[in-house]
Structure formats: structure tokens, C-alpha cells
Participant: 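Sharing a structure below in C-alpha cells format, with a few things to ask.
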Amino acid sequence: MESSQMWKVAICDKDCEICSYIENIMLEYQKREWLPFIIEVFQSGVEFVNAMKEGAFFDLIFLDVRMRGIDGIKIGHMIREVMENEDSKIVYMSEEKEYAMDLFAVRPFQFLLKPLKKEEILQVTQNAVRLMKKDDNYFYYKKKRELKKIHVKNIVYFEKIGKKINIIFSDGTTDWFYGTLKQIYKELEKFQFFYCHQSFLVSYHHVKMFKYEYLIMKNGEEIPISQPKRKKVREMQIMMEASIDRE
């Protein structure tokens, strides 16, 4: 299981020299600051969009306005509107200042004018890292060598089936990965995830009703509460309801 402090960076530019330039600066900064970056480079807009459509999430994106295949402005609109992703920090890059005004609708994190300067890349990276450190409400999981990221509030529950972990999201979609509920619980206990069964780890915030033998979730599903877990679940329910009453 990856740490919740792992960050993915995409460098997207049609010019391989620019990609290498940014990547080397990022690697140098990563080594100096001991930061857990995973860096991926794309020289085609189509390649980058396909990676995101397949589930890749990038915390920080250096995006050339004039990408091949699909330009950076269209990619930005896809990220924000089609994929409904407001979390990725997009840093646009262009030789032309005029583009800066066209990008407001995409809500970019920053705009860098080419030729790029090392100090500007470092400054924008430092600013992004500072904000990312404040926001740790994400769960990371690895599937087929791809690191995926989901906001904790969008997770309804995890179900262990053999060596696989099924993850059920609030929008009705699902995914799976290899892992253990024990490790997931260590990461997500602070977000009020609890065991109701040795095979189920559930978000308290997605429970609609507590019954003696099962939970009714807000998505309509019923999840069993095993005999050994009933006392713990009841204690947790009382504790959570009492804390809500005090607020």
C-alpha cells in the first residue's frame, strides 16, 4: 500500500528537451527535500488524456498549451468539466502571454511563460507541495502498476474477497486492487472507517441505519454485521452519535 503522502506529477510538452528540463529540476528538488514524487512524462495530448481516462490521477500537471493531438486548453476543460476533477493543480506553459487570459475557465494553479526558468518551476512546485501537504484526505491504491487516488469522502466501503479488495464508491462505480483490510484500516481509521465484519471495512459517514445484524448504507446496500463485531459496532455507533450531539 502506498503512503497517503505519495504525489504524482505529469509533465506534458511536445518538446522532449523541455520535458527533460522540468523532470531534472523536479528530481533534483525531490532528492533534496526527500519528497515522494512519481513523475510521468507525456509528449502527446492524446496519450495523456488516455492515461487519465484509464484512471490515472496527477496531483501536479505541467501542461503545454500547444500539445500534439489535443491542445492543453481542451485537456484542461476535460479535466475540470468531463472528469469533474478540481483537485489536480494545472500549471500551464506557453511562449505567448495572450493565452493566460483564455485559461481562467480551467482554474489553473499557475501560468509559466517560456522559456522556462528554473527558479519559477521550483517556486510553483514548492507552492503546490505546501498545499498538498495540507490536504491528506485521500486514499491511494495501486492497480496494474498504476497509482490511483480517491477522496476518502467518496468511498462507501471495502470488501475483501480472497486476495482482492473491492472498493465501492458513492457514485455507484467500483474498482479493485490487491491489499489487506488491516493496512487500509491503519490509514483510514481516523476518517471513521470501521470493521462490521472481517471482510468489510465501512465508512461511518455512508451508513444510513444501524440494525442489529446488518447496516443499511445510503446507497441502499445491506452489509452484514458479524457476531464477533456487534459489540464493537454498537460502541462505535454510540460514541459517534454522542460526539455529533456535542457539536
Side-chain angles (χ1 to χ4, degrees), residues 6-27 29-30 35 37-138 140 146-151 153-154 169 171 173 175:
M6 184 72 67
W7 299 311
K8 287 193 70 176
V9 179
I11 302 171
C12 313
D13 198 292
K14 58 187 177 295
D15 188 328
C16 64
E17 290 187 6
I18 291 176
C19 289
S20 295
Y21 178 67
I22 299 172
E23 185 176 21
N24 288 335
I25 292 171
M26 296 293 291
L27 290 171
Y29 180 70
Q30 175 185 27
L35 294 171
F37 288 149
I38 294 177
I39 301 171
E40 292 190 33
V41 174
F42 301 89
Q43 289 181 250
S44 158
V46 174
E47 181 188 4
F48 178 56
V49 168
N50 286 340
M52 289 189 296
K53 284 182 176 178
E54 291 172 5
F57 177 90
F58 296 95
D59 298 274
L60 179 60
I61 302 168
F62 289 91
L63 182 57
D64 180 22
V65 171
R66 292 186 173 181
M67 287 293 286
R68 290 196 190 100
I70 306 174
D71 69 54
I73 297 175
K74 287 181 181 177
I75 292 173
H77 282 289
M78 290 178 68
I79 292 171
R80 298 298 193 226
E81 295 161 18
V82 179
M83 300 176 185
E84 298 183 342
N85 173 358
E86 295 288 343
D87 297 316
S88 294
K89 293 169 177 57
I90 303 173
V91 179
Y92 275 111
M93 307 176 292
S94 176
E95 297 90 349
E96 302 174 46
K97 289 182 180 179
E98 289 74 19
Y99 276 116
M101 296 302 295
D102 297 330
L103 303 174
F104 275 110
V106 181
R107 299 172 289 287
F109 184 66
Q110 185 61 273
F111 177 84
L112 297 180
L113 190 63
K114 295 181 179 179
L116 301 172
K117 298 179 178 63
K118 180 177 180 179
E119 58 270 21
E120 292 179 344
I121 294 171
L122 286 173
Q123 186 62 58
V124 77
T125 302
Q126 289 167 356
N127 291 340
V129 167
R130 178 173 50 81
L131 293 176
M132 289 188 292
K133 282 181 176 179
K134 288 183 178 180
D135 187 5
D136 64 347
N137 299 331
Y138 286 89
Y140 290 75
E146 180 66 51
L147 185 66
K148 296 191 175 186
K149 174 180 179 178
I150 184 73
H151 202 288
K153 69 180 181 181
N154 295 326
F169 304 119
D171 65 358
T173 60
D175 202 355

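This structure is a prediction, so every number in the text was calculated from the model and none was measured.
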Participant: Decide side-chain contact (heavy atoms from CB on, under 4.5 Å) for Val106 and His77; before the verdict, give the C-alpha distance in whole Å, the side-chain angles of both, and the deciding distance to 0.1 Å.
Facilitator: CA-CA 6 Å; Val106 181; His77 282 289; 3.8 Å; yes

Participant: I want to know whether Phe62 and Phe42 have ring centres closer than 6.0 Å.
Facilitator: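 Centroid separation for Phe62 and Phe42: 6.0 Å or greater.
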
Participant: So, does Ser88 use its side chain to make a donor-acceptor pair with the main chain of Phe58 at under 3.5 Å?
Facilitator: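 Yes, the answer is positive, given that a donor and an acceptor are paired below the 3.5 Å cut-off.
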
Participant: Give a yes or no answer on whether the side chain of Ser20 reaches the backbone of Cys16 with a donor-acceptor pair at less than 3.5 Å.
Facilitator: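 Confirmed, Ser20 side chain pairs with Cys16 backbone.
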
Participant: Before you tell me yes or no, could you show the steps for Ile38 and Val9 under side-chain contact (heavy atoms from CB on, under 4.5 Å), namely the whole-Å CA-CA distance, both residues' side-chain angles and the distance that decides it to 0.1 Å?
Facilitator: CA-CA 6 Å; Ile38 294 177; Val9 179; over 6 Å; no

Participant: Before you tell me yes or no, could you show the steps for Trp7 and Leu60 under side-chain contact (heavy atoms from CB on, under 4.5 Å), namely the whole-Å CA-CA distance, both residues' side-chain angles and the distance that decides it to 0.1 Å?
Facilitator: CA-CA 8 Å; Trp7 299 311; Leu60 179 60; over 6 Å; no

Participant: Show the nearest heavy-atom pair for residues Ala128 and Lys89, with the distance to one decimal.
Facilitator: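 So the two residues come closest at CB-CD, 4.1 Å.
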
Participant: If you apply the rule side-chain contact (heavy atoms from CB on, under 4.5 Å), what do you find for Glu23 with Val41, and how did you get there?
Facilitator: CA-CA 8 Å; Glu23 185 176 21; Val41 174; 3.8 Å; yes

Participant: What are the two closest non-hydrogen atoms of Asp175 and Lys148, and how far apart are they?
Facilitator: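 Closest pair (atom of Asp175, atom of Lys148, distance): OD2-NZ, 3.1 Å.
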
Participant: Does some side-chain heavy atom of Tyr21 sit less than 4.5 Å from a side-chain heavy atom of Asp15?
Facilitator: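 They are not in contact (no side-chain heavy atoms under 4.5 Å apart), so the answer is no.
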
Participant: Would a 4.5 Å heavy-atom cut-off, applied to side chains only, mark Ile39 and Leu27 as touching?
Facilitator: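 Counting from C-beta outward, Ile39 and Leu27 do come under 4.5 Å.
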
Participant: Can you name the residues that form a salt bridge (Lys or Arg N to Asp or Glu O under 4.0 Å) with Lys14, not counting sequence neighbours?
Facilitator: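 Partners of Lys14 by the salt bridge (Lys or Arg N to Asp or Glu O under 4.0 Å) criterion, ordered by chain and then number, come out as Asp64.
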
Participant: How about Asn137 and Lys153: do any of their side-chain heavy atoms sit closer than 4.5 Å?
Facilitator: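 Sidechains of Lys153 and Asn137: no contact.
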
Participant: Does a salt bridge link Glu120 with Lys114, judged by any charged N lying under 4.0 Å from a carboxylate O?
Facilitator: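 No, this pair does not count.
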
Participant: Apply ring-ring contact (aromatic ring centres under 6.0 Å, His included) to residues Phe109 and Tyr92 and explain how you reach the verdict.
Facilitator: CA-CA 8 Å; Phe109 184 66; Tyr92 275 111; over 10 Å; no

Participant: Just wondering, do Met67 and Glu47 contact through their side chains at under 4.5 Å, heavy atoms?
Facilitator: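 Result no, sub-4.5 Å side-chain heavy-atom pair not found.
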
Participant: Taking the inter-plane angle between the rings of His151 and Tyr138 on a 0 to 90° scale, is it parallel (under 30°), tilted (30 to 60°) or perpendicular (over 60°)?
Facilitator: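 His151 vs Tyr138 ring planes: perpendicular.
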
Participant: List the atom of Gly45, the atom of Ile75, and the distance in Å for their closest heavy-atom pair.
Facilitator: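 Looks like CA-CD1, 3.8 Å.
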
Participant: Measure the spacing between CE of Met132 and CG of Asp87 and express it to the nearest 0.5 Å.
Facilitator: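 The CE atom of Met132 sits 11.5 Å away from the CG atom of Asp87.
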
Participant: I'd like to know if the side chain of Arg80 and the backbone of Arg107 have a donor-acceptor N/O pair within less than 3.5 Å.
Facilitator: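 Such a contact is found between Arg80 side chain and Arg107 backbone.
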
Participant: Which pair of heavy atoms, one from Asp13 and one from Cys19, lies closest together, and at what distance?
Facilitator: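 Smallest interatomic distance, heavy atoms only, reads O-SG, 3.3 Å.
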
Participant: Do the side chains of Asp71 and Val65 get nearer than 4.5 Å, heavy atoms only?
Facilitator: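 No, their side chains stay 4.5 Å or more apart.
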
Participant: Taking all heavy atoms of Ala56 and all of Lys8, pick out the closest pair and write down the distance.
Facilitator: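 In terms of heavy atoms, the two residues are closest at CB-NZ, 4.4 Å.
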
Participant: May I ask you to check whether Glu54 and Asn50 show a side-chain donor-acceptor distance below 3.5 Å?
Facilitator: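 Not at all, the side chains of Glu54 and Asn50 share no donor-acceptor pair under 3.5 Å.
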
Participant: Quick check: does any side chain N or O of Gln110 sit under 3.5 Å from a backbone N or O of Val91, one acting as donor and the other as acceptor?
Facilitator: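 Such a contact is absent between Gln110 side chain and Val91 backbone.
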
Participant: Do Asn85 and Phe57 touch side chain to side chain, with heavy atoms closer than 4.5 Å?
Facilitator: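 Yes, side chains in contact.
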
Participant: Does some side-chain heavy atom of Gln123 sit less than 4.5 Å from a side-chain heavy atom of Lys117?
Facilitator: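 No, side chains not in contact.
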
